[in-house]
Amino acid sequence: QVQLVESGGGLVQSGGSLRLSCAASGSIFSLNTGSWYRQAPGKERELVAAISGGGAPFVADSVKGRFTISKDSAKSTIYLQMNSLKSEDTAVYYCSALVAVGRIWGQGTQVTVSS
């Protein structure tokens, strides 16, 4: 069973940057869409960015111009580069992939932006 492991979260000041990584135990990102979601306290989980098997990126309007999604298929890893972070970006960030058996999730990584 494929597993996703996120890393790179932490505490950062407003205006700062972080890069999240999501490593898959299998070579899934070369064929399947990888995504980043986030969930803030008291809010629903929302899609932040996604990248298709072919490499086509999607970024939500709320983070467009600040966040970039990329991948390294050889390393079975997708990344989320987050710049100009704001307090409203504070959330648990989850990596996800849509595979043959359905959607799978990582355990999440906390991102906290202090103002």
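Sequence positions, counted from 1, serve as the residue numbers for this chain.
- Contact check for Asp72 versus Tyr79: side-chain heavy atoms found under the 4.5 Å cut-off.
- Screening residues 95-115 for ring-ring contact (aromatic ring centres under 6.0 Å, His included), with sequence neighbours left out, gives Tyr37-Trp105.
- Within the 4.5 Å cutoff, no side-chain heavy atoms of Asn83 are placed close to those of Phe67.
- Separating the OG atom in Ser96 from the CD atom in Glu6 is a distance of 9.5 Å, to the nearest 0.5 Å.
- Looking at Ile104 and Ile28, their side chains come closer than 4.5 Å, going by heavy atoms from C-beta outward.
- Between the CZ atom of Phe29 and the OG1 atom of Thr77 there is a distance of 7.5 Å, given to the nearest 0.5 Å.
- Distance check, rounded to the nearest 0.5 Å: CD of Gln13 to OG of Ser114 gives 5.0 Å.
- Nearest heavy atoms, Ser73 versus Ser30: OG-CA, 3.8 Å.
- With sequence neighbours excluded, the residues satisfying side chain to side chain contact (heavy atoms under 4.5 Å, CB included) with Val12 are Leu18, Leu85, Val113.
- Just one residue in the list Gln110, Met82, Gln39 forms a side-chain contact (heavy atoms from CB on, under 4.5 Å) with Tyr93, and that residue is Met82.
- Distance check, rounded to the nearest 0.5 Å: CD of Glu88 to OG of Ser14 gives 8.0 Å.
- Ile69 CD1 to Gln81 CD: the interatomic distance, rounded to the nearest 0.5 Å, is 12.0 Å.
- No side-chain heavy atom of Leu4 sits under 4.5 Å from any side-chain heavy atom of Tyr94.
- Taking OG of Ser35 as the start and CG of Leu98 as the end, the distance is 8.0 Å to the nearest 0.5 Å.
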In a table with atom names and distances, give each donor-acceptor pair under 3.5 Å that connects a side chain of residues 46-63 to protein atoms at least two apart or in another chain.
{"unit_1": "Glu46", "atom_1": "OE2", "unit_2": "Arg38", "atom_2": "NE", "d": "2.6"}
{"unit_1": "Glu46", "atom_1": "OE2", "unit_2": "Arg38", "atom_2": "NH2", "d": "3.2"}
{"unit_1": "Ser52", "atom_1": "OG", "unit_2": "Gly54", "atom_2": "N", "d": "3.3"}
{"unit_1": "Ser52", "atom_1": "OG", "unit_2": "Gly55", "atom_2": "N", "d": "3.2"}
{"unit_1": "Ser52", "atom_1": "OG", "unit_2": "Ala56", "atom_2": "N", "d": "3.0"}
{"unit_1": "Asp61", "atom_1": "OD1", "unit_2": "Lys64", "atom_2": "NZ", "d": "3.1"}

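- Looking at heavy atoms from C-beta onward, Leu20 lies in side-chain contact with Thr109 at the 4.5 angstrom threshold.
- Checking Ser84 against Arg66 by side-chain atom types alone, no donor-acceptor pair falls below 3.5 Å.
- Taking both residues in full, the closest heavy atoms of Ile78 and Cys95 are given as CD1-SG, 3.9 Å, listed atom of the first, atom of the second, then distance.
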